[in-house]
Amino acid sequence: MDDPQVLAKLDADGFGFVGIFGISGKDDLKTLYDAAPAYHAIVETVAADVAALRADMKAGGRPLYEATDGNVGRIMDMRWLKTDAARFRLVGVVNRLDRRDFAKLGGEASCGEVRFIYRLAYSFRKNGKMLASRLPLNFNAVYRAAPDADGGCTGVAGRWTPQIDEAADAGWLSGGPLDKASLSFKQLELNAQVVRFPSGQETEFGGQAAYLMRIFGIDGTTISQ
């Protein structure tokens with residue numbers, strides 16, 4: 001599901017990023033950073049990764065900058081993850097029923113996974129103008145899909161197909177395939193572009209980027225990697 005209107009409705013009706021951390025109300029990242037110890041710990045982990053990469057590249061003669069007009073390497077400004085100008089917006093919901101085979105191999109009783117994709121977005125006013133865009137940092141919230149009462153997955157699969165008189169809107173999704181009673185949180189996966197070298201500097205590659213990937217478990221206020 002990638003319909004922007006449907007996703008915006010889901011985001012506002014209980015499927016927002018802050019809900020993963022048990023937070024309700026304001027969804028800006030400053031509020032989340034201050035109120036959710038698990039999110040705070042994730043940000044600090046990512047910050048340590050970015051700092052270590054920056055130090056390695058500087059030692060190799062490749063300094064990086066958060067903000068610059070120069071034709072030089074850029075590195076992610078970690079302030080984006082804890083500012084009231086930024087949020088993680090729901091940009092996709094994915095049915096991964098095919099993952100049930102992997103669940104079976106791992107001894108899990110589930111019908112695969114449902115994944116909620118969140119992308120970092122910002123908006124703020126400057127000099128009377130609204131500035132808004134998205135950044136190449138995504139979280140994938142992975143949930144296990146509970147099997148049918150008989151242990152099978154026929155009913156789970158069927159819930160993803162609207163009936164003749166049904167529309168695949170936010171209400172249908174939340175009351176059917178995304179019914180929270182049938183989903184249990186598994187892990188939070190990070191995929192972020194944290195370094196970018198412009199094409200003017202990396203002429204042989206037409207530009208070059210470095211990505212950070214991590215998987216986090218969340219248990220109340222604590223995280224695991």
Side-chain angles (χ1 to χ4, degrees), residues 1-51 54 66-67 74-94 114-143 170-171 173-174 178-181 183-194 211-225:
M1 172 59 67
D2 58 4
D3 183 291
Q5 291 184 328
V6 174
L7 293 169
K9 179 66 173 171
L10 287 172
D11 199 325
D13 290 347
F15 292 92
F17 184 74
V18 296
I20 299 170
F21 302 91
I23 302 298
S24 60
K26 295 181 65 177
D27 64 351
D28 66 274
L29 297 187
K30 182 182 188 306
T31 297
L32 185 59
Y33 183 81
D34 292 341
Y39 177 74
H40 188 114
I42 287 173
V43 172
E44 295 309 308
T45 300
V46 174
D49 288 336
V50 171
R54 185 177 201 170
E66 281 92 356
R74 295 171 179 265
I75 193 165
M76 180 182 175
D77 189 334
M78 291 303 301
R79 290 177 296 179
W80 284 119
L81 295 182
K82 45 189 175 182
T83 173
D84 59 5
R87 293 156 178 77
F88 279 102
R89 294 305 192 197
L90 183 62
V91 296
V93 177
V94 188
V114 177
R115 300 183 173 192
F116 296 82
I117 313 300
Y118 298 91
R119 185 167 184 181
L120 182 60
Y122 67 83
S123 62
F124 60 89
R125 287 194 171 276
K126 183 177 181 180
N127 298 328
K129 294 181 179 181
M130 176 62 75
L131 304 179
S133 188
R134 293 179 175 180
L135 296 171
L137 191 151
N138 300 278
F139 275 113
N140 172 23
V142 183
Y143 289 80
L173 284 165
S174 59
L178 303 185
D179 181 4
K180 291 186 177 182
L183 302 178
S184 59
F185 181 80
K186 181 179 180 181
Q187 61 198 30
L188 188 64
E189 303 174 350
L190 170 67
N191 183 349
Q193 185 186 110
V194 294
Y211 288 79
L212 172 64
M213 295 183 179
R214 276 196 178 275
I215 298 176
F216 298 98
I218 301 174
D219 183 8
T221 61
T222 62
I223 66 168
S224 56
Q225 298 177 34

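A quick note: this is a predicted structure, and the numbers were derived from the prediction, not measured.
- Counting only heavy atoms from C-beta outward, the side chains of Val142 and Asn140 approach each other to under 4.5 Å.
- Atoms CZ and CD1, on Phe21 and Ile42 in that order, are 4.0 Å from each other to the nearest 0.5 Å.
- Shown here are the salt bridge (charged side-chain N to carboxylate O under 4.0 Å, His left out) partners of Asp77, two or more places apart in sequence or in another chain: Arg79.
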Without placing hydrogens or testing angles, list every side-chain donor-acceptor pair under 3.5 Å for residues 213-225, not counting sequence neighbours.
residue	atom	partner	partner atom	Å
Arg214	NE	Asp49	OD2	2.5
Arg214	NH1	Gln225	OE1	2.4
Arg214	NH2	Asp49	OD1	3.1
Arg214	NH2	Asp49	OD2	3.4
Thr222	OG1	Asp219	O	3.0

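- For the atom pair CG of Leu178 and OH of Tyr143, the computed distance is 10.5 Å after rounding to the nearest 0.5 Å.
- When side chains are defined from C-beta on, Val93 does not count as touching Leu173, because their heavy atoms never get closer than 4.5 Å.
- Applying the side-chain hydrogen bond (donor to acceptor under 3.5 Å, both in side chains) rule to Asp179 yields no partners; only residues at least two apart in sequence or on another chain are considered.
- Residue pairs meeting the side chain to side chain donor-acceptor pair (under 3.5 Å) criterion with at least one member in residues 19-44, sequence neighbours excluded: Asp27-Arg87, Asp27-Arg89, Asp28-Thr31, Lys30-Asp34, Tyr33-His40, Tyr33-Glu44.
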Determine whether Phe139 and Ile20 satisfy the following criterion, side chain to side chain contact (heavy atoms under 4.5 Å, CB included), listing intermediate values before the conclusion.
CA-CA 11 Å; Phe139 275 113; Ile20 299 170; over 6 Å; no
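- For Ser184, the side chain to side chain contact (heavy atoms under 4.5 Å, CB included) criterion is met by Arg144, not counting sequence neighbours.
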Check: residues 117-136 side-chain donor-acceptor pairs under 3.5 Å, at least two apart:
residue	atom	partner	partner atom	Å
Tyr118	OH	Phe15	O	2.6
Arg119	NE	Leu135	O	2.9

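- Minimum interatomic distance between Ile23 and Ala36 (heavy atoms only, all atoms of both residues): CG1-CB, 4.0 Å.
- Partners of Lys9 under the side-chain hydrogen bond (donor to acceptor under 3.5 Å, both in side chains) rule, at least two apart in sequence or in another chain, are Asp13.
- Note that the CG atom of Leu190 and the CG atom of Leu137 stand 5.5 Å from one another [nearest 0.5 Å].
- In this structure, CG on Leu29 lies 6.5 Å from CG on Leu81, to the nearest 0.5 angstrom.
- Remark: Gln187 pairs with Glu189 by the side-chain hydrogen bond (donor to acceptor under 3.5 Å, both in side chains) rule, at least two apart or across chains.
- Between the Lys82 side chain and the Val43 main chain, no donor and acceptor come within less than 3.5 Å of each other.
- Looking only at side-chain heavy atoms (C-beta outward), Leu183 and Phe116 come within less than 4.5 Å of each other.
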